[in-house]
Amino acid sequence: MNAARIELDVVPRPLPEGRNGAAHLKPLANFARLAIPPEVLRTLPAEFVHRHGIVPVALLDGSLTIATAAPCDRRLLEDIRLLSGYEVEEQFAPAAEIAEKIAGGYQVTVEKMIEDLDPTSGDGADPKNLHDIEVMANEPTVVNLVNLIISTALRERASDIHLLPFESTLQLRYRIDGLLQEKPPPPKPLHAALVSRIKIMADMNIAERFMPQDGHIQINHRGSRVDIRVGTMPNIHGESLVMRLLVKDERLLHPRELGLDDERATLLDRLVEKPHGLFLTTGPTGSGKTTTLYSILQGVYAPEKKIVTIEDPVEYELAGVSQIPVRPSRGFTFANGLRAILRQDPDVIMVGEIRDAETAEIAIRAALTGHQVFSTLHTNDAPSAVTRLIDMGIEPFLISSSLEGVLAQRLVRRICPVCRRPAPVSPSVRSKLETLSGKPLDGSFYEGAGCDECRVGYRGRVGIFELLVITPVLRELILQKRSTAELKSTAHRSMVTMQQDALRKAGEGLTTLEEIVRVCASDALE
């Protein structure tokens, strides 16, 4: 399926011809941090500001100061005087910073646009005919609303957009830092048109409304390429839709930057430098396993090595790496794709996920025949990866001979550094965490107060990890097919557990105790 390429217009239009050069303009000091009063913004219409790429910043003694990236011509200055009623003083600011100020002060938000929509008007009519839906999906109102929903999600660092219909309402939610946040929804009568518009962008079949579909959109947003994976699912009130947003130009982080401490990062480097063997990352969906593997592959890459990956789907493109997407609809699965890869003379292989015994056995045998193999599993901790492979039907002697290490991980929200402050520990949180760690809770802990930078006290996420190295003692226990409890008991003597790592990060002020309870406390009940 070919991906549609869309350019989202989320910044002001380019400067008109004739406005080039700003050498003689006085630069505005600290423009990026300047708070522009609403009454100053109201001196010029939003459409005029957008069209000309200028923004009013101050009003003093009958003179209006405007920020511009290039000198205004005589006609534009006269228009500004007539519209505002003030004399005009020009000062220089970078175009990108002007665009941000316009976006913050003038740009229509999803909430404002939805408020302005009249569900009883022609735009809000609930269309039943397929032709009417297609026509409505291409109406400027619907097109602009979809673009605005996507660009706002990207601006708020969302990883997913959820649109879910109910009997008389729609639900619009963004997943930000791992948690869904509800947003003011569009009118329910626009549901079919919104879904159809997104299907058109993703090259999907708008006539098919009763079977799940998958699609793909490529957009450019503020100079970055963004891939959007679209999935629809029919339910009793219409089609629900999820868009996963992947910013392709973001730099891949080293495990240390993801939250792994220096000691274990050094140990991880030694593990992944081995010329052969199997290394796994584990954790629930959305815990960053694939991102960690990409980071590891980036670290082991060398021109003399051939690295091949097989993924579902390929999330980020890695320079110098051959990346292959599986296509189950055509019979191209992880198992038969992995067999084909072994005939391509690889040195390093990454399997996106071990889902079945066939894939697991091929991956393990590849590790035993001189290949470096990386993959992911869905387990709650590192020692459970061994039990999961045995449950799949893999012989313990194969696991013992091939497995070199397991990195289990979760993601917790990071406290906003701008509004971080000391926090008291509630009795309920203290009780849960003492049960989790098995010892009294002491030390200082922190929380985010909430500010203009974060709004909710958190900004971004950090990983919590446990790194299991398969030692000779553990290999012997695996051969003897010992229980998960025995494996954990032996492993925990020489490793930092995920819970210990989480409490350490809370003590360092990186996350909150409430986040640890949310992400890790269920493990204590197992």
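Starting from 1, each residue takes its place in the sequence as its number.
- Two residues are said to be in side-chain contact when any heavy atoms from C-beta on lie closer than 4.5 Å; Leu268 and Ile296 meet this criterion.
- For Arg410 (side chain) and Asn380 (main-chain N/O), a donor-acceptor pair under 3.5 Å exists by modelled atom type.
- Here Thr281 contributes atom OG1 and Tyr294 contributes atom OH; the two are 11.5 Å apart, rounded to the nearest 0.5 Å.
- The local environment of CD in Glu182 is crowded, with over 12 non-hydrogen atoms from other residues, nucleotides or ligands closer than 6.0 Å.
- A salt bridge links Arg518 with Glu515; the closest basic N to acidic carboxylate O contact falls under 4.0 Å.
- Taken to the nearest 0.5 Å, the CZ atom of Arg157 stands 14.0 Å off from the CZ atom of Arg175.
- Judged by distance alone, the side chain of Glu404 and the main-chain N or O of Val272 form no donor-acceptor pair under 3.5 Å.
- In this structure, Arg455 and Glu156 have side chains that are in contact, with non-hydrogen atoms separated by less than 4.5 Å.
- Atom CD of Glu167 is surrounded by 12 or fewer heavy atoms from other residues, nucleotides or ligands within 6.0 Å.
- Of the possible polar contacts, none joining the Thr490 side chain to the Leu487 backbone as a donor-acceptor pair under 3.5 Å is found.
- Pairs of residues two or more places apart, or lying in two chains, that qualify as salt bridge (charged side-chain N to carboxylate O under 4.0 Å, His left out) and include a residue from residues 233-242 are Lys199-Glu239.
- The neighbour count for Arg256 CZ, taken as heavy atoms of other residues, nucleotides or ligands under 6.0 Å away, is above 12.
- Interatomic distance, CD of Glu476 versus OG1 of Thr471, reported as 11.0 Å (0.5 Å rounding).
- Leu468 has its side chain within reach of Leu474: a pair of non-hydrogen atoms, C-beta onward, lies under 4.5 Å apart.
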I'd like a table of donor-acceptor pairs (distance under 3.5 Å, sequence neighbours excluded) in which one partner is a side-chain atom from residues 298-305, with atom names and distances.
none

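- Checked against Phe334 for a side-chain contact (heavy atoms from CB on, under 4.5 Å), the options Ile362, Val351, Asp356 give a single hit: Val351.
- Residues that satisfy the side-chain hydrogen bond (donor to acceptor under 3.5 Å, both in side chains) test with Thr169, not counting sequence neighbours, are absent from this structure.
- When the side-chain hydrogen bond (donor to acceptor under 3.5 Å, both in side chains) test is applied to Thr309, the partners found at least two apart in sequence or on another chain are Glu311.
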Solution key, residues 460-467 side-chain donor-acceptor pairs under 3.5 Å, sequence neighbours excluded:
residue : atom : partner : partner atom : Å
Glu466  : OE1  : Met498  : N            : 2.9
Glu466  : OE2  : Ala382  : N            : 2.8

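- Checking side-chain atoms of Lys505 against main-chain N and O of Gly259 turns up a donor-acceptor pair under 3.5 Å.
- The structure places CG of Leu260 at 12.5 Å from CG of Leu253, a figure rounded to the nearest 0.5 Å.
- Looking at heavy atoms from C-beta onward, Met350 lies out of side-chain contact with Val321 at the 4.5 angstrom threshold.
- Distance check: Arg414 CZ to Arg459 CZ gives 11.5 Å after rounding to the nearest 0.5 Å.
- With sequence neighbours left out, Lys306 forms a salt bridge (Lys or Arg N to Asp or Glu O under 4.0 Å) with no residue at all.
- Side-chain contact between Gln171 and Ser240: absent, with no pair of heavy atoms (C-beta onward) separated by less than 4.5 Å.
- Side chain to side chain, Arg355 and Thr376 fail the donor-acceptor criterion of an N or O pair below 3.5 Å.
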As a quick check of understanding, evaluate salt bridge (Lys or Arg N to Asp or Glu O under 4.0 Å) for Arg229 and Asp227, giving each step before the final call.
CA-CA 7 Å; Arg229 300 206 305 263; Asp227 276 11; over 6 Å; no
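- The backbone N or O of Ile149 lies less than 3.5 Å from a partner atom in the side chain of Tyr174, making a donor-acceptor pair.
- Between the side chains of Thr290 and Glu315, no donor-acceptor pair of N or O atoms lies under 3.5 Å.
- More than 12 heavy atoms of other shown residues, nucleotides or ligands fall within 6.0 angstrom of atom CZ in Arg475.
- No side-chain donor-acceptor contact under 3.5 Å links Arg173 to the backbone of Leu180.
- Judged purely by atom type and a 3.5 angstrom limit, Gln323 uses its side chain to pair as donor or acceptor with the backbone of Tyr316.
- In terms of modelled atom types and a separation under 3.5 Å, the side chain of Ser401 and the main chain of Leu398 share no donor-acceptor contact.
- Annotation: side chain of Glu358 is not in contact with side chain of Thr333 (no heavy-atom distance under 4.5 Å).
- Side chain of Asp312 to main chain of Gly352: no donor-acceptor pair is present (N/O by atom type, distance under 3.5 Å, no hydrogens or angles).
- Atoms CG and CG, from Leu154 and Leu245 in turn, are 5.0 Å apart once rounded to the nearest 0.5 Å.
- Within the 3.5 Å criterion, the main-chain N or O of Arg413 finds a donor-acceptor partner in the side chain of Thr511.
- Thr387 and Thr484 share a donor-acceptor pair across their side chains, judged by distance under 3.5 Å alone.
- The shortest heavy-atom contact between Ile198 and Ile217 is O-CD1, 4.1 Å.
- When all heavy atoms are compared, the tightest approach of Ala363 to Ile354 is CB-CD1, 4.4 Å.
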